[in-house]
Amino acid sequence: MNKSIPNKTDLIKEIISLKKKKKAVILAHYYQNSEIQELADFLGDSLYLAQCAKKVTSDIIVLAGVHFMGETAKIINPQKKVLVPDLKAGCSLSDSCPPDKFKKYIERHPGHNIVTYINCSAEIKSLSTIVCTSSNAKKVINSIPKNEKIIFAPDKNLGKYLIRETGRKMKLWDGSCVVHEAFSLEKIINLIKKYPQAKFIAHPESESPVLEIANFIGSTSELLNFVQKDLSHTYIVATESGILYEMKKKCPNKIFIPAPVDDDTCACSECSFMKMNTLEKLYFCLKNEDPEIILPNDIIDKSIIPIEKMLALG
Ligand code: 13P
Ligand code: SF4
């Protein structure tokens with residue numbers, strides 16, 4: 001394996017040429033760094049990436065995001081090679097729901113529909129009735145007959161938000177995202193006072209007190225759509241700061257301020273897992289066709305069912 005690393009400009013050229021030569025396609029999440037976003041064939045939120053994974057015809061898919069996104073693409077495409085730049089790019093939310101504990105939880109609460117947020121492992125998906133993302137979560141919950149019981153996992157914050165929005169009772173798994181729980185309510189309130197004309201917008205993985213003061217709540221793509229249609233000029237944005245790149249691209253004359261976090265050593269909220277992907281890793285991943293997502297067949301066979309149910313909802 002040749003480990004010599006080209007410089008940044010050459011890396012970008014090499015990635016484009018390898019992509020062409022191998023007829024590979026790059027799917028990237030909005031939380032990736034801007035260079036990776038620029039190289040993506042498809043850039044979007046978790047739902048869009050799953051929908052793209054279903055449509056692509058290339059034999060090689062590179063998922064520039066976190067591990068569960070690569071797994072989802074593999075479950076949808078068991079015959080294709082699904083690569084990720086770094087297998088260690090995990091997710092605190094996914095890690096907060098270990099399959100052995102979740103199995104026992106389901107056993108203790110029989111007779112429930114198991115609705116899982118896509119930010120979970122393939123094994124958790126294999127135990128689910130239906131999967132959802134933050135873009136379609138309300139639709140998914142509303143698709144379940146009113147007289148039926150629901151367990152929602154792993155994100156308790158999104159779960160609380162959905163209980164409020166849909167009026168459905170749900171048992172919530174106690175999981176959360178480190179990035180969205182890091183926002184400081186006090187600092188956000190101070191920032192809103194400093195910029196009284198600004199709108200405060202937030203991702204539903206944020207905690208309830210933060211969501212309560214938001215002018216708009218939505219998935220990354222919904223936040224992006226909102227700032228394009230809304231007439232305000234300045235926005236305080238409570239989600240991973242990678243989305244600001246696409247917001248600025250789509251609205252060059254508007255101002256986007258990342259919502260402040262509790263930790264004084266950093267000004268914005270970055271997902272360290274998402275940011276494990278670099279141009280170098282993307283280059284080596286395409287060049288060596290490694291690391292690859294490998295999943296047991298029985299997990300693929302079981303987890304495709306709740307994913308297909310979600311995709312069928314549109
Ligand atoms: P969406 O892009 O689907 O809103 O998800 C955000 C997220 O946390 C992905 O890990
Ligand atoms: Fe997971 Fe949170 Fe990072 Fe999204 S932002 S990948 S939920 S840790």
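Just so you know, ligand 1 is whichever comes first in the structure, and atom 1 is the first atom listed for that ligand. Everything quoted here is computed from the prediction, not taken from an experiment. If you read the sequence from its start, that first residue is 1, and numbering goes on from there.
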Checklist entry - Do the side chain of Lys74 and the main chain of Pro78 share a donor and acceptor less than 3.5 angstrom apart? => result yes
Checklist entry - So, Ser221 versus Tyr30: side-chain donor-acceptor pair below 3.5 Å or not? => result no
Checklist entry - With under 30° as parallel and over 60° as perpendicular, where do the rings of His203 and His180 fit, or are they tilted in between? => result tilted
Item to check | If only protein N, O or S atoms under 2.8 Å count, total around atom 1 (Fe) of ligand 2 | outcome: 1
Next on the checklist: Under a plain distance cut-off of 3.5 Å, with no hydrogens placed, do Ser46 and Thr133 share a side-chain donor-acceptor pair?
Outcome noted: no
Checklist outcome for this item: Taking every heavy atom of Cys251 against every heavy atom of Val227, the minimum-distance pair comes out as SG-O, 3.8 Å
Checklist entry - Would you call Lys54-Glu308 a salt bridge at under 4.0 Å N-O? => result yes
Item to check | SB check Glu71 Lys125 (cutoff 4.0 Å) | outcome: no
Exercise answer, ligand 1 polar atom pairs (N/O) under 3.5 angstrom:
{"from": "ligand 1", "atom 1": "2 (O)", "to": "His29", "atom 2": "NE2", "distance (Å)": "2.6"}
{"from": "ligand 1", "atom 1": "2 (O)", "to": "Thr220", "atom 2": "OG1", "distance (Å)": "2.5"}
{"from": "ligand 1", "atom 1": "3 (O)", "to": "Ser46", "atom 2": "N", "distance (Å)": "3.2"}
{"from": "ligand 1", "atom 1": "3 (O)", "to": "Ser46", "atom 2": "OG", "distance (Å)": "2.9"}
{"from": "ligand 1", "atom 1": "3 (O)", "to": "Ser134", "atom 2": "OG", "distance (Å)": "3.4"}
{"from": "ligand 1", "atom 1": "4 (O)", "to": "Ser134", "atom 2": "OG", "distance (Å)": "2.9"}
{"from": "ligand 1", "atom 1": "4 (O)", "to": "His203", "atom 2": "NE2", "distance (Å)": "2.7"}
{"from": "ligand 1", "atom 1": "4 (O)", "to": "Thr220", "atom 2": "N", "distance (Å)": "2.9"}
{"from": "ligand 1", "atom 1": "4 (O)", "to": "Thr220", "atom 2": "OG1", "distance (Å)": "3.4"}
{"from": "ligand 1", "atom 1": "5 (O)", "to": "Ser46", "atom 2": "OG", "distance (Å)": "3.4"}
{"from": "ligand 1", "atom 1": "8 (O)", "to": "Glu205", "atom 2": "OE1", "distance (Å)": "3.4"}
{"from": "ligand 1", "atom 1": "8 (O)", "to": "Glu205", "atom 2": "OE2", "distance (Å)": "2.9"}
{"from": "ligand 1", "atom 1": "10 (O)", "to": "Asn119", "atom 2": "ND2", "distance (Å)": "3.2"}

Item to check | Working for side-chain hydrogen bond (donor to acceptor under 3.5 Å, both in side chains), residues Ser208 and Lys160 | outcome: CA-CA 7 Å; Ser208 301; Lys160 281 181 202 164; 4.7 Å; no
Checklist entry - Would a hydrophobic clustering, with Ile, Leu, Val, Met, Phe, Trp and Tyr connected at side-chain separations under 4.5 Å, put Tyr195 with Leu244? => result no
Next on the checklist: I need the single residue from Val25, Ile26, Val62 that forms a side chain to side chain contact (heavy atoms under 4.5 Å, CB included) with Lys19. Which is it?
Outcome noted: Ile26
Item to check | Glu205 near ligand 2 by a heavy-atom separation under 4.0 Å | outcome: yes
